[in-house]
Student: 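Please find one structure pasted underneath; my questions will follow.
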Amino acid sequence: MPFNGDIQQLAEEFESRTPQEILQWAFAEFGDDIAMSSSFQTQSMPLLHMATRLKPDLRIFFLDTGYHFWESLIFLVRVASDWQLNVVDLNRDSRWDVFVRQNLRNLPLDDPNLCCYIHKVQPMQKAVAGLRAWITGIRRDQTDVRAQAKILEVQEDGLVKVNPLLNWTKADVAAYIEAHNLPSHPLTAKGYRSIGCAPCTVAVGAGDSDRAGRWAGRGKTECGLHTEMFKQKEYAVS
Ligand code: SF4
(Lines give C-alpha, C1' and ligand atoms only; values in the text may rest on other atoms or scores of the structure.)
Protein backbone atom coordinates (compact mmCIF):
# COMPACT_ATOMS: atom_id res chain seq x y z
CA MET A 1 0.00 0.00 0.00
CA PRO A 2 1.59 3.34 -1.04
CA PHE A 3 2.13 6.03 1.58
CA ASN A 4 -0.81 8.43 1.53
CA GLY A 5 0.40 11.27 3.76
CA ASP A 6 1.92 14.59 2.71
CA ILE A 7 5.54 13.51 2.51
CA GLN A 8 6.92 16.99 1.85
CA GLN A 9 5.21 18.48 4.88
CA LEU A 10 6.34 15.59 7.09
CA ALA A 11 9.90 15.87 5.79
CA GLU A 12 9.93 19.55 6.74
CA GLU A 13 8.47 18.79 10.18
CA PHE A 14 11.15 16.14 10.73
CA GLU A 15 13.94 18.67 10.21
CA SER A 16 13.54 19.57 13.90
CA ARG A 17 13.00 16.00 15.17
CA THR A 18 15.59 13.63 16.58
CA PRO A 19 16.65 10.54 14.58
CA GLN A 20 14.95 8.36 17.21
CA GLU A 21 11.65 10.22 16.73
CA ILE A 22 11.89 9.81 12.96
CA LEU A 23 12.63 6.10 13.33
CA GLN A 24 9.72 5.64 15.75
CA TRP A 25 7.38 7.24 13.21
CA ALA A 26 8.77 5.04 10.41
CA PHE A 27 8.36 1.80 12.37
CA ALA A 28 4.81 2.72 13.39
CA GLU A 29 3.91 3.71 9.83
CA PHE A 30 5.49 0.87 7.86
CA GLY A 31 5.51 -2.06 10.31
CA ASP A 32 7.55 -4.90 8.82
CA ASP A 33 7.58 -3.40 5.31
CA ILE A 34 10.77 -1.52 6.08
CA ALA A 35 14.48 -2.32 6.11
CA MET A 36 17.73 -0.46 6.66
CA SER A 37 20.96 -0.53 4.69
CA SER A 38 24.29 -0.35 6.47
CA SER A 39 27.93 -0.38 5.39
CA PHE A 40 29.05 -1.45 8.89
CA GLN A 41 31.72 1.16 9.40
CA THR A 42 32.35 3.13 12.58
CA GLN A 43 30.06 5.98 11.55
CA SER A 44 27.26 3.47 10.82
CA MET A 45 27.12 2.34 14.44
CA PRO A 46 24.84 5.08 15.88
CA LEU A 47 21.98 4.50 13.43
CA LEU A 48 22.32 0.72 13.72
CA HIS A 49 22.31 1.04 17.50
CA MET A 50 19.29 3.33 17.80
CA ALA A 51 17.23 1.58 15.09
CA THR A 52 17.69 -1.94 16.42
CA ARG A 53 16.94 -0.86 19.96
CA LEU A 54 13.57 0.34 18.70
CA LYS A 55 13.02 -2.62 16.37
CA PRO A 56 15.37 -5.54 17.17
CA ASP A 57 14.22 -7.69 14.23
CA LEU A 58 14.76 -4.93 11.67
CA ARG A 59 16.26 -6.30 8.45
CA ILE A 60 19.72 -4.82 7.87
CA PHE A 61 20.85 -4.99 4.24
CA PHE A 62 24.59 -5.38 3.70
CA LEU A 63 25.97 -5.14 0.17
CA ASP A 64 28.33 -8.08 0.00
CA THR A 65 30.24 -6.87 -3.05
CA GLY A 66 33.09 -9.35 -2.80
CA TYR A 67 35.54 -6.43 -2.72
CA HIS A 68 35.41 -5.62 1.02
CA PHE A 69 38.40 -5.42 3.34
CA TRP A 70 38.54 -8.56 5.46
CA GLU A 71 38.53 -6.22 8.49
CA SER A 72 35.08 -5.00 7.40
CA LEU A 73 33.68 -8.52 7.19
CA ILE A 74 35.10 -9.48 10.58
CA PHE A 75 33.74 -6.27 12.12
CA LEU A 76 30.29 -7.00 10.65
CA VAL A 77 30.26 -10.54 12.05
CA ARG A 78 31.31 -9.28 15.47
CA VAL A 79 28.68 -6.52 15.66
CA ALA A 80 25.94 -8.73 14.18
CA SER A 81 26.69 -11.40 16.76
CA ASP A 82 27.05 -9.06 19.76
CA TRP A 83 23.90 -7.13 18.91
CA GLN A 84 21.93 -10.13 17.53
CA LEU A 85 21.24 -8.30 14.28
CA ASN A 86 19.05 -9.55 11.45
CA VAL A 87 21.62 -8.99 8.68
CA VAL A 88 20.69 -9.84 5.10
CA ASP A 89 23.60 -10.08 2.64
CA LEU A 90 22.87 -8.69 -0.82
CA ASN A 91 24.82 -10.14 -3.74
CA ARG A 92 25.09 -9.35 -7.41
CA ASP A 93 22.72 -10.99 -9.86
CA SER A 94 24.22 -14.28 -11.07
CA ARG A 95 23.92 -13.21 -14.71
CA TRP A 96 26.95 -10.97 -14.10
CA ASP A 97 29.10 -13.77 -12.64
CA VAL A 98 31.01 -14.72 -15.80
CA PHE A 99 31.61 -11.07 -16.74
CA VAL A 100 32.80 -10.17 -13.23
CA ARG A 101 35.10 -13.16 -12.92
CA GLN A 102 36.68 -12.32 -16.27
CA ASN A 103 37.20 -8.69 -15.19
CA LEU A 104 37.59 -9.10 -11.44
CA ARG A 105 40.78 -7.10 -10.87
CA ASN A 106 40.23 -4.34 -13.41
CA LEU A 107 36.51 -3.70 -13.15
CA PRO A 108 36.60 -1.35 -10.10
CA LEU A 109 39.38 0.69 -11.72
CA ASP A 110 38.31 0.60 -15.38
CA ASP A 111 34.59 1.17 -14.87
CA PRO A 112 33.70 1.87 -11.23
CA ASN A 113 30.20 3.04 -12.19
CA LEU A 114 29.41 -0.28 -13.82
CA CYS A 115 31.03 -2.12 -10.91
CA CYS A 116 28.90 -0.18 -8.39
CA TYR A 117 25.82 -0.75 -10.52
CA ILE A 118 26.40 -4.51 -10.53
CA HIS A 119 27.41 -4.88 -6.89
CA LYS A 120 25.44 -2.17 -5.12
CA VAL A 121 22.68 -0.50 -7.13
CA GLN A 122 21.04 -3.53 -8.72
CA PRO A 123 21.10 -5.75 -5.59
CA MET A 124 19.61 -2.90 -3.53
CA GLN A 125 16.94 -2.19 -6.17
CA LYS A 126 15.94 -5.84 -5.94
CA ALA A 127 15.99 -5.90 -2.12
CA VAL A 128 13.80 -2.82 -1.65
CA ALA A 129 11.38 -3.71 -4.47
CA GLY A 130 8.91 -5.42 -2.14
CA LEU A 131 9.18 -2.89 0.68
CA ARG A 132 7.32 0.31 1.51
CA ALA A 133 10.29 2.06 3.13
CA TRP A 134 14.08 2.01 3.21
CA ILE A 135 16.17 3.60 5.97
CA THR A 136 19.61 4.93 5.08
CA GLY A 137 22.36 6.56 7.13
CA ILE A 138 23.30 9.41 4.77
CA ARG A 139 24.17 12.85 6.20
CA ARG A 140 24.11 16.25 4.53
CA ASP A 141 27.66 17.00 5.62
CA GLN A 142 29.08 14.04 3.67
CA THR A 143 28.83 15.04 -0.02
CA ASP A 144 27.30 17.73 -2.25
CA VAL A 145 24.74 15.20 -3.51
CA ARG A 146 23.68 14.28 0.03
CA ALA A 147 23.44 17.97 0.98
CA GLN A 148 20.39 18.18 -1.34
CA ALA A 149 18.57 15.20 0.18
CA LYS A 150 15.36 15.33 2.27
CA ILE A 151 14.63 13.41 5.45
CA LEU A 152 11.76 11.66 3.63
CA GLU A 153 11.79 11.09 -0.12
CA VAL A 154 9.36 9.14 -2.29
CA GLN A 155 10.76 7.20 -5.22
CA GLU A 156 8.86 6.78 -8.50
CA ASP A 157 7.63 3.32 -7.48
CA GLY A 158 6.23 4.67 -4.16
CA LEU A 159 9.09 3.49 -1.95
CA VAL A 160 9.71 5.96 0.90
CA LYS A 161 13.34 6.62 1.66
CA VAL A 162 13.90 7.59 5.30
CA ASN A 163 17.12 9.45 6.16
CA PRO A 164 16.98 9.99 9.95
CA LEU A 165 20.60 11.20 10.33
CA LEU A 166 20.48 13.73 7.52
CA ASN A 167 20.95 16.70 9.86
CA TRP A 168 23.58 15.08 12.02
CA THR A 169 27.18 16.18 11.78
CA LYS A 170 30.37 14.22 12.15
CA ALA A 171 30.57 15.61 15.71
CA ASP A 172 27.06 14.31 16.52
CA VAL A 173 28.10 10.85 15.33
CA ALA A 174 31.28 10.93 17.42
CA ALA A 175 29.38 12.11 20.51
CA TYR A 176 26.80 9.30 20.19
CA ILE A 177 29.55 6.70 19.73
CA GLU A 178 31.31 7.93 22.84
CA ALA A 179 28.14 8.22 24.93
CA HIS A 180 27.13 4.63 24.11
CA ASN A 181 30.62 3.16 23.96
CA LEU A 182 30.01 1.76 20.48
CA PRO A 183 32.57 -0.43 18.68
CA SER A 184 34.95 0.97 16.09
CA HIS A 185 35.89 -0.55 12.70
CA PRO A 186 39.55 -1.68 12.99
CA LEU A 187 40.64 0.44 10.00
CA THR A 188 39.30 3.71 11.43
CA ALA A 189 42.34 4.04 13.69
CA LYS A 190 44.55 3.62 10.61
CA GLY A 191 43.15 6.70 8.88
CA TYR A 192 40.27 5.11 6.95
CA ARG A 193 37.49 7.48 7.99
CA SER A 194 34.98 6.37 5.33
CA ILE A 195 35.24 2.73 4.35
CA GLY A 196 33.87 1.10 1.23
CA CYS A 197 35.36 -1.59 -0.98
CA ALA A 198 39.11 -2.19 -0.78
CA PRO A 199 39.99 -1.25 -4.40
CA CYS A 200 38.20 2.10 -4.00
CA THR A 201 39.17 3.18 -0.48
CA VAL A 202 42.38 4.72 0.87
CA ALA A 203 43.34 6.24 4.20
CA VAL A 204 43.09 10.03 4.42
CA GLY A 205 45.12 12.70 6.14
CA ALA A 206 44.05 14.77 9.15
CA GLY A 207 43.13 17.77 6.96
CA ASP A 208 41.14 15.78 4.37
CA SER A 209 37.39 15.30 4.33
CA ASP A 210 36.27 11.90 5.57
CA ARG A 211 35.15 10.80 2.11
CA ALA A 212 38.31 11.99 0.32
CA GLY A 213 39.56 8.41 0.42
CA ARG A 214 36.61 7.04 -1.58
CA TRP A 215 37.38 6.62 -5.33
CA ALA A 216 40.21 9.10 -4.71
CA GLY A 217 41.32 10.95 -7.86
CA ARG A 218 38.69 9.23 -10.03
CA GLY A 219 36.02 11.94 -10.14
CA LYS A 220 33.46 9.76 -8.39
CA THR A 221 31.95 10.50 -4.99
CA GLU A 222 28.84 8.30 -4.84
CA CYS A 223 28.21 4.64 -5.55
CA GLY A 224 24.79 5.31 -7.08
CA LEU A 225 22.46 4.27 -4.27
CA HIS A 226 21.62 7.91 -3.59
CA THR A 227 21.82 9.35 -7.11
CA GLU A 228 19.86 9.17 -10.36
CA MET A 229 21.59 5.86 -11.05
CA PHE A 230 19.23 4.22 -8.58
CA LYS A 231 16.39 4.77 -11.08
CA GLN A 232 18.33 2.99 -13.85
CA LYS A 233 16.92 -0.45 -14.64
CA GLU A 234 19.72 -1.55 -16.94
CA TYR A 235 23.33 -0.60 -17.62
CA ALA A 236 24.76 -0.78 -21.12
CA VAL A 237 28.14 -2.53 -21.15
CA SER A 238 30.37 -1.24 -23.93
S1 SF4 B 1 33.08 0.67 -4.49
FE2 SF4 B 1 34.61 -0.01 -6.04
S3 SF4 B 1 34.79 -2.25 -5.80
FE4 SF4 B 1 32.94 -1.57 -4.67
S5 SF4 B 1 31.30 -1.91 -6.09
FE6 SF4 B 1 31.95 0.24 -6.35
S7 SF4 B 1 33.56 0.24 -7.95
FE8 SF4 B 1 33.20 -1.89 -7.30
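In each ligand, atom 1 is the first atom listed, and ligand 1 is the first ligand listed.
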Student: Test of understanding: with side chain to side chain donor-acceptor pair (under 3.5 Å), list the residues that count as partners of Asp208, not counting sequence neighbours.
Tutor: none
Student: Tell me every residue that passes ring-ring contact (aromatic ring centres under 6.0 Å, His included) with Phe69, counting only those two or more places apart in sequence or in another chain.
Tutor: Tyr192
Student: Can Arg53 be said to sit on top of Trp83's aromatic six-ring, NZ or CZ under 6.0 Å from centre and within 45° of the ring axis?
Tutor: yes
Student: Do Trp96 and Gln122 have a side chain donor and acceptor closer than 3.5 Å?
Tutor: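 Yes - a donor-acceptor pair under 3.5 Å links their side chains.
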Student: In a check of side-chain contact (heavy atoms from CB on, under 4.5 Å) between Arg193 and each of Thr201, Thr42, Asp210, which one passes?
Tutor: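 Result: among Thr201, Thr42, Asp210, Asp210 is the only option passing the side-chain contact (heavy atoms from CB on, under 4.5 Å) with Arg193.
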Student: In the protein, how many N/O/S atoms are under 2.8 Å from atom 2 (Fe) of ligand 1?
Tutor: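 Of the protein's nitrogen, oxygen and sulfur atoms, 1 lie under 2.8 Å from atom 2 (Fe) of ligand 1.
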Student: By side chain to side chain donor-acceptor pair (under 3.5 Å), which residues pair with Lys150, not counting sequence neighbours?
Tutor: none
